[in-house]
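Counting starts at 1 for both ligands and their atoms, following the listed order.
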Amino acid sequence: MKFTAQTTGIIEMTVPNGNCVQPVVFMKVCLLGRLSYLTFHVVGRVLCQLEPCGAVEVDQAVKAAKLAFGYWSKMSGMERARVMIEAAHIIESNREEIAEMEVVNNGKSITEARLDVDSARLCIEYYAGLASTLAGQHVQLPGGSFAYTRREPLGICVGIGAWNYPFQIAAWKSAPALACGNSMVFKPSPVTPVTAVMLAEIYAKAGVPEGLFNVVQGGQETGSLLCQHPDVAKVSFTGSVPTGQKIMEMASKGVKPVTLELGGKSPLLIFKDSDLENAVRGALMANFLSQGQVCSNGTRVFVQKDIMPEFVKEVVKRTQAIEIGDPLLESTRMGALVSRPHLDKVLSFVDRAKKEGATVLCGGEPYVPSDPKLRGGYYMTPCVLGNCTDDMICVKEEIFGPVMSVLPFETEDEVLQRANDTSLGLAAGVFTRDVRRAHRVVEHLKAGSCFINNYNITPVEVPFGGFKMSGIGRENGQVTIEFYSQLKTVFVEMGDVDSLF
Ligand SMILES: NC(=O)c1ccc[n+]([C@@H]2O[C@H](COP(=O)([O-])OP(=O)(O)OC[C@H]3O[C@@H](n4cnc5c(N)ncnc54)[C@H](O)[C@@H]3O)[C@@H](O)[C@H]2O)c1
Ligand SMILES: C[N+](C)(C)CCCC=O
């Protein structure tokens, strides 16, 4: 199977055999299949049709992962690290090809897709570095007896991904899982099925045992089959809150641990003493990456009243200057949204905001690029909404599109109370020059990932994840090792058994 992205934006896909099932990658590609899954967001055309994996394929993938786990879990951390580093090298040398395919897969700009590929590579490198450091503890007990702990893998882990960062999510889940000695069956979103398969091919080429990282294609039925499979030890999920709740429920039947990376409606607090230039840049980073389809986006931008006019003027000017269009072009900063229904949903949020009294300061319209080949794509102009109040739908619900709501505030106490008034708690940000205020505010913000004087940066060395309904567990950082391994305690008696009987 070969996908070719051409710079013209036209995609040619060749599948040598109509229905190709590879031994490691359980990806069924059928040009005349039952489900139309893969759409080229840039031009709005269906690229190919994929058949979802059913119980048979899911079972095949789990069996392959079980076999591979037998080999992989017995290798030393150093040996696993060597293979993972090789995978990272392969990603590095194929950066452009993977990034171009991510553009086709998702619709985001090539500039951002490259950064996603880098983040995936760095994550694999980081966990390769940690693989050889996994160790237990030795505890001295009375009479020369002792105990030790072993950090062991969980077994077969399932990864289920969302469509906004397809390659990066597959790497963020598989890297810590593999470093700890687990195997993984990964299901990408049916909307963006391609680049997880590339990652599987890269791991295979790097030398992981056959079946260590498998990709199964499909939607919620395939996902449910994975979560309910008795041989699966853990589920790591990225996606919406309602699906996360279902996954937790399914996993609870087998008392399986879950990692849940869910949605957000994050606040960004801009105080009057901020460096305005940086605050404006931060607000754009908090809202318009990946066409606004980012879980951690700071979509509720609270601005201290005194600086509201200048902030709004500058933010609108910069938003209007964002270049929209062919995401394969170097100059493009905003590509296409992921699907027609999603674009319609985002636009309907803007309509409802207008009806509720918000003012559209810019954008919020469908965008038709001048290039005729892009006319069917799912583009819109990035939007800034003014005159917003906390009770509006656009301020309360996750829009998952390029729509920023700007809200005025007066005092620190007031804005903290309003910022925390949500059932979600993925991220939050504060812009101020007052270092004491910055740390005081962050201490009170109820969110898992907080930013001071920046927004939406996620170095792989630091944990990422949510408070409240935004999730459970963390991705990235050292702590994630704990979410992909378990401790075994071994007691060693050096004397006689002191029996009570
Ligand atoms: N916190 C994070 O790190 C993070 C990152 C990216 C996206 N997200 C969130 O993801 C959402 C957008 O992504 P989406 O639309 O793909 O989410 P979604 O919940 O619709 O789907 C996510 C994945 O779950 C699968 N799925 C759906 N129903 C399932 C079921 N019953 N059992 C098992 N699997 C099932 C889907 O096929 C897909 O692979 C947003 O809410 C966004 O905030 C969170
Ligand atoms: C790398 N970003 C932009 C912070 C995205 C993290 C994943 C959430 O959607």
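- The shortest contact between atom 17 (O) of ligand 1 and any protein heavy atom is with S240 N, 3.4 Å.
- The shortest N/O to N/O separation between N164 and ligand 2 falls below 3.5 Å.
- The closest protein non-hydrogen atom to atom 1 (C) of ligand 2 is T458 OG1, 3.1 Å.
- Shortest contact from atom 27 (C) of ligand 1 to any protein heavy atom: T243 CG2, 3.4 Å.
- Annotation: side chain of S236 is in contact with side chain of E475 (closest heavy-atom distance under 4.5 Å).
- Between the side chain of K468 and the backbone N or O of T422 there is at least one donor-acceptor pair closer than 3.5 Å.
- Of the candidates G161, P193, G239, S296, the one placing a heavy atom closest to atom 23 (C) of ligand 1 is G161.
- Ligand-side atoms of ligand 1 in range of P188: 39 (O), range being under 4.0 angstrom from any heavy atom.
- Annotation: atom 3 (O) of ligand 1 to nearest protein heavy atom, E261 CB, 3.2 Å.
- Between R352 and E356, none of the side-chain N atoms (NZ, or NE/NH1/NH2) sits under 4.0 Å from a carboxylate O, so this pair counts as no salt bridge.
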Please lay out, stage by stage, how D59 and H229 fare under the test side-chain contact (heavy atoms from CB on, under 4.5 Å). CA-CA 8 Å; D59 205 45; H229 199 292; 2.6 Å; yes
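- From the protein, the heavy atom lying nearest to atom 28 (N) of ligand 1 is Q220 CB, 3.1 Å.
- The nearest protein atom to atom 5 (C) of ligand 1, hydrogens excluded, is given as T238 CG2, 3.0 Å; this is a heavy-atom distance.
- You'll find the side chain of P463 stays beyond 4.5 Å of the side chain of T480, heavy atoms only.
- Numbered from 1 in the order shown, with element, the atoms of ligand 1 that lie under 4.0 Å from a heavy atom of F237 read 19 (O), 22 (C), 23 (C), 24 (O).
- Of the protein's non-hydrogen atoms, Y165 OH, 3.1 Å is the one closest to atom 3 (C) of ligand 2.
- Close approach of ligand 1 to M250 (heavy-atom distance below 4.0 Å) involves ligand atoms 32 (N).
- Near G219, with a cut-off below 4.0 Å to any heavy atom, the atoms of ligand 1 are 37 (O).
- Side chains of Q320 and T381 form no contact here, defined as non-hydrogen atoms less than 4.5 Å apart.
- With T238 as reference, K173 is the one residue of K173, E261, Q168 to meet the side-chain hydrogen bond (donor to acceptor under 3.5 Å, both in side chains) rule.
- Against a heavy-atom cut-off of under 4.0 Å, G223 is close to the following atoms of ligand 1: 32 (N), 33 (C), 34 (N).
- Looking at I247 against ligand 1, only its side chain comes within 4.0 Å, counting heavy atoms.
- Closest protein heavy atom to atom 13 (O) of ligand 1: A162 CB, 3.4 Å.
- Considering L262, N164, T222 only, the shortest heavy-atom separation from atom 44 (C) of ligand 1 involves L262.
- Within the set K246, K187, E398, Q228, the minimum heavy-atom distance to atom 43 (O) of ligand 1 is found for E398.
- Using a non-hydrogen distance threshold of 4.0 Å, E475 does not register as a contact of ligand 1.
- Protein heavy atom at the shortest distance from atom 12 (C) of ligand 1 is F400 CE2, 3.6 Å.
- Remark: among candidates I160, V158, V235, the nearest residue to atom 25 (C) of ligand 1 is I160, based on non-hydrogen atoms.
- Separation of atoms NZ (K446) and CZ (F467) is listed at 8.0 Å; rounding is to 0.5 Å.
- Not a single protein heavy atom sits closer than 4.0 Å to atom 21 (O) of ligand 1.
- For the pair T195 and P166, the tightest heavy-atom approach, listed with the atom from each and the gap, is OG1-CB, 3.6 Å.
- In the vicinity of F464, heavy-atom distances shorter than 4.0 Å reach the ligand 1 atoms 3 (O).
- Heavy-atom contacts of W163 reach the following atoms of ligand 1: 13 (O), 14 (P), 15 (O), 16 (O) (cutoff under 4.0 Å).
- Between the side chains of S296 and N456, at least one donor N or O sits under 3.5 Å from an acceptor N or O.
- When each atom of ligand 1 is checked for a heavy atom of P190 under 4.0 Å away, the hits are 37 (O).
- Considering backbone and side-chain atoms together, C295 places an N or O closer than 3.5 Å to an N or O of ligand 2.
- Residues M248 and F237 have side chains not in contact (no heavy-atom distance under 4.5 Å, counting atoms from C-beta outward).
- Residue-ligand proximity, N456 to ligand 2, at heavy-atom distances under 4.0 Å covers atoms 4 (C).
- Contact between G466 and ligand 1 is absent, with no heavy atom of the residue lying under 4.0 Å from the ligand.
- Looking only at distances, no side-chain donor or acceptor of N420 sits under 3.5 Å from a matching main-chain atom of L445.
- Considering each of C295, S224, G263, the one bringing a non-hydrogen atom nearest atom 8 (N) of ligand 1 is C295.
- In the model, S119 has a side-chain atom that pairs as donor or acceptor with a side-chain atom of W172 under 3.5 Å.
- Side-chain contact annotation: T259 with Y484, donor-acceptor N/O pair under 3.5 Å absent.
- Of the candidates V415, L416, T432, V441 forms a side-chain contact (heavy atoms from CB on, under 4.5 Å) with just one, namely L416.
- Salt bridge present: E277 and R318 bring a charged side-chain N and a carboxylate O closer than 4.0 Å.
- Side-chain contact check for T389 and D391: at least one donor-acceptor pair (N or O, by modelled atom type) lies under 3.5 Å.
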